[in-house]
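The block underneath contains the structure these notes are about, expressed in structure tokens.
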Amino acid sequence: MNITVLAVGSKMPRWVDEAVAEYAKRFGRDIRYTLKEIKPQKRGGGIGAEQGMAAEEKRILEALPENALLVALDERGEAPTSLQLAQHLKNWQQNGEHVCFVIGGADGMSDALKSRARLLLRLSSLTLPHGMVRVLLTEQLYRAVSILNNHPYHRE
């Protein structure tokens, strides 16, 4: 199964990159996990939130793997348990889906981009820093895979 994460933003602290890399290497041979950074649009000089999100949307769509199932992270999205996320992964894997998760920029994502998503997903009701979202998403995806593989990482 292919899992891609498109994350608006760059120059994350070293601990973010190290944590994401640690969880990513745990997936094993059955999961191909890729994190791609999307250049954020600079604000100011007449470029507001709407124009910035539109520019980021264009970059996201250009980076979106062909025929990928789009999952957008959004504060109003579904908040699955780890077991429910594992079930989503199982279904996508059985359907041969390449799943692409999108983490928007500082102003979020355009409504047009969110409407293209098969699923809107919320990791937390709290507002989280972008680096933390990368780590949490990667860890939860690893946790979901470990649940599907009956690995003892997850305990109920």
Side-chain angles (χ1 to χ4, degrees), residues 1-41 53 55-109 113-114 116-156:
M1 174 178 207
N2 291 315
I3 298 174
T4 300
V5 175
L6 300 178
V8 176
S10 58
K11 300 177 184 166
M12 290 291 123
R14 188 176 78 228
W15 66 267
V16 170
D17 295 333
E18 289 173 353
V20 168
E22 176 61 32
Y23 287 112
K25 77 179 183 184
R26 294 181 185 190
F27 281 110
R29 288 177 268 132
D30 295 338
I31 303 292
R32 279 179 239 108
Y33 177 90
T34 305
L35 171 71
K36 293 181 183 177
E37 291 185 335
I38 305 297
K39 181 182 174 187
Q41 182 63 42
M53 286 189 296
E56 291 166 355
E57 175 184 351
K58 184 176 187 273
R59 292 180 189 130
I60 289 167
L61 292 175
E62 289 170 355
L64 188 66
E66 190 174 336
N67 299 319
L69 182 152
L70 180 61
V71 178
L73 273 67
D74 184 74
E75 64 188 351
R76 291 174 228 29
E78 173 186 324
T81 65
S82 295
L83 293 174
Q84 290 167 332
L85 181 59
Q87 187 60 51
H88 281 304
L89 277 184
K90 180 179 179 182
N91 294 339
W92 296 329
Q93 190 172 26
Q94 288 174 342
N95 292 330
E97 303 275 11
H98 181 154
V99 183
C100 182
F101 293 84
V102 176
I103 302 168
D107 293 310
M109 273 179 256
L113 183 57
K114 288 189 277 190
R116 292 179 68 137
R118 176 100 50 96
L119 174 66
L120 295 179
L121 185 97
R122 178 177 71 225
L123 291 179
S124 173
S125 295
L126 301 171
T127 301
L128 302 171
H130 279 72
M132 187 67 73
V133 172
R134 290 180 188 196
V135 174
L136 287 173
L137 177 60
T138 308
E139 188 279 336
Q140 283 300 300
L141 291 170
Y142 168 70
R143 181 177 296 276
V145 168
S146 72
I147 289 168
L148 295 176
N149 292 331
N150 295 313
H151 186 278
Y153 179 77
H154 178 78
R155 291 173 177 77
E156 275 295 302

Report the C-alpha distance between Glu139 and Tyr153 in whole Å, list the side-chain angles of each, state the deciding distance to 0.1 Å, and finish with yes or no for side-chain hydrogen bond (donor to acceptor under 3.5 Å, both in side chains).
CA-CA 11 Å; Glu139 188 279 336; Tyr153 179 77; 2.7 Å; yes
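- Within a 6.0 Å radius of CG in Asp30, other residues, nucleotides and ligands contribute 12 heavy atoms or fewer.
- In this structure Glu78 satisfies the salt bridge (Lys or Arg N to Asp or Glu O under 4.0 Å) test with no other residue, sequence neighbours excluded.
- Taking Arg122 as the reference, nothing meets the side chain to side chain donor-acceptor pair (under 3.5 Å) condition, with sequence neighbours excluded.
- Within the model, atoms CG of Leu83 and NZ of Lys90 stand 12.0 Å from one another, a figure rounded to the nearest 0.5 Å.
- By the 6.0 Å contact criterion, CZ on Arg26 is enclosed, its count of non-hydrogen atoms from other residues, nucleotides or ligands being greater than 12.
- In this structure, the ring pair (Phe, Tyr, Trp, His ring centres under 6.0 Å) partners of Tyr33, at least two apart in sequence or on a different chain, are Phe27.
- Between the CZ atom in Phe101 and the OG1 atom in Thr138 there is a gap of 10.0 Å [rounded to 0.5 Å].
- For the residue pair Asp107 and Met53, the shortest heavy atom distance occurs at O-SD, 3.3 Å.
- For the pair Val5 and Arg134, the minimum side-chain heavy-atom distance is 4.5 Å or more.
- Atom CD1 of Ile103 sits about 10.0 Å away from atom CD1 of Ile60, to the nearest 0.5 Å.
- In this structure, the side chain to side chain contact (heavy atoms under 4.5 Å, CB included) partners of Gln140, at least two apart in sequence or on a different chain, are Ser82, Leu85, Arg143.
- In this structure, Leu120 CG and Arg76 CZ are separated by 9.5 Å, a value rounded to the nearest 0.5 Å.
- Residues Tyr142 and Glu22 fail the side-chain proximity criterion, which asks for heavy atoms closer than 4.5 Å.
- Listed by chain and residue number, Leu123, Leu128, Met132 satisfy the side chain to side chain contact (heavy atoms under 4.5 Å, CB included) test with Leu136 (two or more places apart in sequence, or in another chain).
- Between Ala86 and Ile147, the shortest heavy-atom contact is CB-CG2, 3.9 Å.
- Here Leu89 contributes atom CG and Ile3 contributes atom CD1; the two are 5.0 Å apart, rounded to the nearest 0.5 Å.
- Rounding to the nearest 0.5 Å places CG of Asn149 at 7.5 Å from CD1 of Ile31.
- For Asp17, there are no side chain to side chain donor-acceptor pair (under 3.5 Å) partners at least two apart in sequence or on another chain.
- For Asn91, the side chain to side chain contact (heavy atoms under 4.5 Å, CB included) test picks out Gln87, Gln94, with sequence neighbours left out.
- In terms of the ring pair (Phe, Tyr, Trp, His ring centres under 6.0 Å) criterion, residue partners of His88 (sequence neighbours excluded) are, by chain and number, Trp92.
- Glu75 meets the side chain to side chain contact (heavy atoms under 4.5 Å, CB included) test with no other residue; sequence neighbours excluded.
- Of the possible donor and acceptor atoms, none in the side chain of Gln41 sits under 3.5 Å from a partner among the backbone N and O of Glu56.
- At distances below 3.5 Å, at least one donor-acceptor pair connects side-chain atoms of His130 with backbone N or O atoms of Gly105.
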Atom pairs and distances, donor-acceptor, side-chain atoms in residues 6-14, under 3.5 Å, two or more places apart:
unit_1	atom_1	unit_2	atom_2	d
Arg14	NE	Glu18	OE2	3.0

Where do Leu113 and Leu61 land on the side-chain contact (heavy atoms from CB on, under 4.5 Å) test, with the steps shown first?
CA-CA 9 Å; Leu113 183 57; Leu61 292 175; 3.9 Å; yes
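- Every residue meeting the salt bridge (Lys or Arg N to Asp or Glu O under 4.0 Å) condition with Arg118, not counting sequence neighbours, appears here in chain and number order: Glu97.
- Listed by first and then second residue, the salt bridge (Lys or Arg N to Asp or Glu O under 4.0 Å) pairs involving residues 61-71 are Lys58-Glu62 (not counting sequence neighbours).
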